[in-house]
2 protein chains.
Amino acid sequence: MELDERKAKILTAIIQNYQETGEPVGSRTISKLTDLSLSSATIRNEMADLEEMGLIVQPHTSAGRIPTDKGYRLYVDQMMADNRREVAEIKDLVVERVDRVELYLKQMAKVLAANTNYATMITGPSYHDTKLKFIQLSRVDAGKLLAVVVVEGNVIRNTIFDVDEGLTDEELLSLNLLLNTKLNGLSMREINLGIIKDIEAAAGAHGAIVSQVLDAVADAIRTDDDMQVYTSGATNIFKYPELSGSQTAQDLISTLEDKKDLGELVRSGLKEEAGEGIQVYIGEELPVAAMKDCSVVTATYDLGDGMRGSIGIIGPKRMDYQKVVGTLQKVMDQLDGAYKKTLAIGNKEQT
Amino acid sequence: MELDERKAKILTAIIQNYQETGEPVGSRTISKLTDLSLSSATIRNEMADLEEMGLIVQPHTSAGRIPTDKGYRLYVDQMMADNRREVAEIKDLVVERVDRVELYLKQMAKVLAANTNYATMITGPSYHDTKLKFIQLSRVDAGKLLAVVVVEGNVIRNTIFDVDEGLTDEELLSLNLLLNTKLNGLSMREINLGIIKDIEAAAGAHGAIVSQVLDAVADAIRTDDDMQVYTSGATNIFKYPELSGSQTAQDLISTLEDKKDLGELVRSGLKEEAGEGIQVYIGEELPVAAMKDCSVVTATYDLGDGMRGSIGIIGPKRMDYQKVVGTLQKVMDQLDGAYKKTLAIGNKEQT
DNA sequence: GTTAGCACTCTAAACAGATGAGTGCTAACA
DNA sequence: TGTTAGCACTCATCTGTTTAGAGTGCTAAC
């Protein structure tokens with residue numbers, strides 16, 4: 001069986017109507033809705049075909065049809081490109097006084113959730129490819145050092161750690177100088193054994209302490225919870241009856257609260273960098289069981305300086321894919337390198 | 001009407017049975033449950049009295065009775081002290097490698113939620129009374145300074161801020177020295193205009209920069225979101241049918257996600273330091289409308305060094321007050337100054 | 001003061017039609 | 001050959017009714 005243009009139109013109409021109403025859509029509705037000017041009987045014949053092809057199903061006899069995962073997949077892959085709707089301006093994208101990427105992302109999650117009416121998640125960037133900008137060791141207590149690390153994007157990390165040997169103030173000063181000279185501009189990934197050896201040698205008598213320091217630096221850069229995930233708008237799922245059925249809602253909210261699965265989900269999307277970076281997962285395609293009634297659209301953002309992470313929007317299968325993809329696309333465009341600018345403005349306001 | 005001992009026993013029995021089952025409890029049940037060996041008819045008479053006193057109600061005619069807010073209040077205030085049950089050991093209180101109070105509290109929230117089966121929230125400590133331990137200014141970019149502030153408890157805060165004047169390395173060094181000398185051991189609250197003037201004078205030519213720096217320090221100490229609130233176990237509310245009724249659940253989860261109301265709620269509790277610091281809010285007593293079907297038990301923790309905040313446990317009105325209060329009491333005992341010890345261990349493991 | 005007995009109330013569950021949306025099929029039509 | 005009108009059929013949903021059971025309040029007896 002082949003999907004001719006008329007069938008495609010009908011499928012699109014079903015998907016779009018179901019998206020709005022959440023109710024199975026019948027042949028009469030389609031007959032009136034489309035500009036095909038066909039009777040409901042004809043539509044019925046076509047719908048029978050579409051059902052045979054596995055693109056739509058009836059929840060029960062004598063009910064209208066709803067799209068299957070396969071139907072959505074077809075829709076997303078082929079039909080959406082055609083009539084790309086102009087995306088409404090994103091409101092409330094007021095990002096004020098942000099001197100930390102984390103806050104920026106949190107705000108972004110909130111704004112996206114408010115704009116789309118779906119749940120959103122954003123993973124914090126991984127800092128492995130981010131360049132070191134500044135390292136500062138200071139003594140806090142006797143035997144306790146504070147390491148402050150600033151990386152590109154003015155992201156600040158710090159740890160307190162113990163050192164075995166005592167250091168004089170002068171030694172600390174020269175160690176600081178040494179570290180900054182040797183490491184400045186390098187990313188964590190680029191710091192290899194050779195460089196470490198180099199620094200140890202240069203540190204002379206206190207070479208032993210270097211590895212301790214570098215460990216602490218690595219520790220500081222690695223975000224606290226391995227990878228941070230910010231979620232927002234979890235309660236939006238209550239807006240969709242098919243999701244707020246007790247068990248589903250519970251599992252979903254749990255998943256969103258837990259955030260562990262989410263990181264996993266998004267990370268897997270990060271690897272395959274196909275297309276324009278926006279990916280759509282529909283129902284069973286998702287690796288997380290709790291989400292089998294959902295669709296997730298993910299995108300990879302790049303704040304510049306190697307700060308890359310991803311954004312996911314979680315909604316019912318009947319989510320407005322066009323709007324979501326469009327919004328995400330738009331946000332990505334805005335985000336692309338935009339952080340630095342915002343940062344600059346933010347800092348100016350702050351003083 | 002007076003509440004004699006028998007009535008009290010019956011009220012207690014009703015509350016405890018309702019706590020377990022969540023169903024209105026009838027006279028027969030009480031008759032069998034208590035050791036009063038009274039017939040259901042007698043119990044009925046007593047229950048009619050209790051109802052008249054406003055301590056219990058029938059959801060509808062021909063249903064059993066459930067406690068009112070007033071009934072719970074009486075129970076919590078008077079009857080709980082008597083037979084304080086021995087609290088089960090708190091499991092999973094594994095606090096590993098924590099060098100930040102924030103993480104510690106997050107873990108604590110999780111553990112409490114898992115142990116009680118209620119939702120929990122913990123507010124981060126306010127640092128206004130915490131003593132400054134160490135301040136470090138460093139130049140990151142031209143015209144951009146990084147201020148790192150360490151307070152008691154090894155809590156580290158930082159900001160990047162712009163300065164108008166250029167500073168030489170020597171000037172920066174002496175400014176650092178000056179700040180540490182003048183401010184060490186003081187809390188934010190203790191830094192008054194006199195001290196600021198003092199420092200400005202001592203800074204000489206660069207006196208103007210001092211206020212900028214102090215602003216930044218204050219900014220750094222103030223936690224990012226004014227006051228941080230960590231929540232956990234929000235989905236536990238689905239375990240209680242009377243809360244998971246669509247609208248209530250939605251509002252509640254929203255409230256927990258939003259966290260703003262929570263801070264308010266807990267903050268108000270912080271002021272009145274009555275009793276042993278543990279307070280119980282029942283239903284309408286709560287200032288947050290979304291929580292009118294809930295009870296909240298709050299406690300104030302003190303990690304030492306002025307780091308004080310509070311823990312709240314949110315559950316249905318029929319929550320196990322004894323267990324919750326007991327658990328909270330226990331956690332408070334463990335927490336009392338325990339953070340420092342944990343911190344020390346954590347740091348040792350880390351190196 | 002306590003208890004047994006009984007009539008009464010009200011909820012929840014179970015059941016039975018009635019309704020109507022929607023289908024599939026067939027036959028007629030262009 | 002594709003399209004349409006008509007019709008019988010299905011089934012979820014709604015509505016009203018019945019039934020069972022839990023629990024009460026009251027009264028009268030102990």
Handout entry: Inter- and intrachain pairs under side chain to side chain donor-acceptor pair (under 3.5 Å), touching residues 284-297 of chain B, at least two apart
Key = B:R73-B:E285, B:S295-B:Y321
Fill in the blank from the handout: Whole-Å distance, B:I43 CD1 to D:dA22 C1', equals 17 Å
Practice task
Can you sort out the partners of B:S39 under side-chain hydrogen bond (donor to acceptor under 3.5 Å, both in side chains), two or more places apart, ordered by chain and number?
Solution key: B:T42
Exercise for the section: With sequence neighbours excluded, tell me which residues meet side-chain contact (heavy atoms from CB on, under 4.5 Å) with B:N117. Expected result: B:N236, B:K239, B:Y240
Handout entry: Partner set under side-chain contact (heavy atoms from CB on, under 4.5 Å) for B:T68, not counting sequence neighbours
Key = B:V57, B:K70
Exercise for the section: Strictly below 4.0 Å, heavy-atom distances to any atom of DNA chain C: list the hits from residues 23-32 of chain A, or just say none. Expected result: A:G26, A:S27
Handout entry: Atom-to-atom span, CG of B:N45 to P of C:dA4 - whole angstrom
Key = 13 Å
Exercise for the section: For A:L50 and C:dT23, give me the distance from atom CG to atom C1', rounded to whole Å. Expected result: 15 Å
Handout entry: Test item: A:T34 side-chain N/O and A:I30 main-chain N/O as donor-acceptor pair under 3.5 Å
Key = yes
Practice task
List for me each residue that meets salt bridge (charged side-chain N to carboxylate O under 4.0 Å, His left out) alongside B:D69, sequence neighbours excluded, and say none if there are none.
Solution key: B:K317
Problem - Minimum side-chain heavy-atom gap A:Y118-A:D320 below 4.5 Å - result: yes
Completion exercise
Atom CD1 of A:I66 and atom C1' of C:dA21 are separated, to the nearest Å, by 16 Å
Got a list of protein N/O to nucleotides 5-8 of chain C N/O distances below 3.5 Å?
from  : atom 1 : to    : atom 2 : distance (Å)
C:dG5 : O6     : B:R44 : NH2    : 3.4

Handout entry: Range-with-range stems of DNA chain D (Watson-Crick or G-U pairs under 3.5 Å, three or more in a row)
Key = C:1-30 with D:1-30
Practice task
Select one nucleotide: of C:dA4, D:dT4, D:dG25, the one nearest the side-chain heavy atoms of B:Q58.
Solution key: D:dG25
Problem - Phosphate OP1/OP2 of D:dT3 contacted by A:T42 side-chain N/O (<4.0 Å) - result: no
Practice task
Could you tell me whether the side chain of B:L243 reaches within less than 4.5 Å of the side chain of B:C294, counting heavy atoms only?
Solution key: yes
Handout entry: A:K259: partners by salt bridge (charged side-chain N to carboxylate O under 4.0 Å, His left out), with sequence neighbours left out
Key = none
Distances under 3.5 Å between nitrogen or oxygen atoms of protein and nucleotides 11-18 of chain D:
from   : atom 1 : to    : atom 2 : distance (Å)
D:dC11 : OP1    : A:T61 : OG1    : 3.4
D:dC11 : O4'    : A:S62 : OG     : 3.4
D:dC11 : O2     : A:S62 : OG     : 3.4

Handout entry: Nearest-angstrom distance from the residue atom CG of A:N17 to C1' of C:dG22
Key = 14 Å
Handout entry: Under 3.5 Å: donor-acceptor pair, side chain of A:T21, backbone of A:N17
Key = yes
Fill in the blank from the handout: Rounded to whole Å, OH of B:Y18 lies from P of D:dG23 at a distance of 14 Å
Practice task
Enumerate the residue pairs fulfilling salt bridge (Lys or Arg N to Asp or Glu O under 4.0 Å) with a member in residues 14-25 of chain A, sequence neighbours excluded, ordered by first and then second residue.
Solution key: none
Handout entry: Any side-chain heavy-atom pair of B:I56 and B:M47 under 4.5 Å
Key = yes
Handout entry: Nearest-neighbour nucleotide for the A:L38 side chain, D:dT4, D:dT24, C:dG24 considered
Key = D:dT4
Handout entry: Spacing between A:E52 atom CD and C:dT23 atom C1', to the nearest angstrom
Key = 16 Å
Practice task
Rounded to the nearest angstrom, tell me the gap between atom CD in A:E46 and atom P in C:dT23.
Solution key: 13 Å
Handout entry: First of B:S37 and A:E51 reached from the 5' end of DNA chain C, by closest nucleotide
Key = B:S37
Practice task
Please determine if a side-chain N or O atom of B:R65 lies less than 4.0 Å away from the OP1 or OP2 oxygen of D:dA22.
Solution key: no
Problem - Pairs meeting criterion salt bridge (Lys or Arg N to Asp or Glu O under 4.0 Å) with involvement of residues 38-48 of chain A, two or more places apart - result: A:R6-A:E46, A:K7-A:E46
Completion exercise
Heavy-atom nearest pair, B:P59 first then B:I66, reads CG-CD1, 4.3 Å
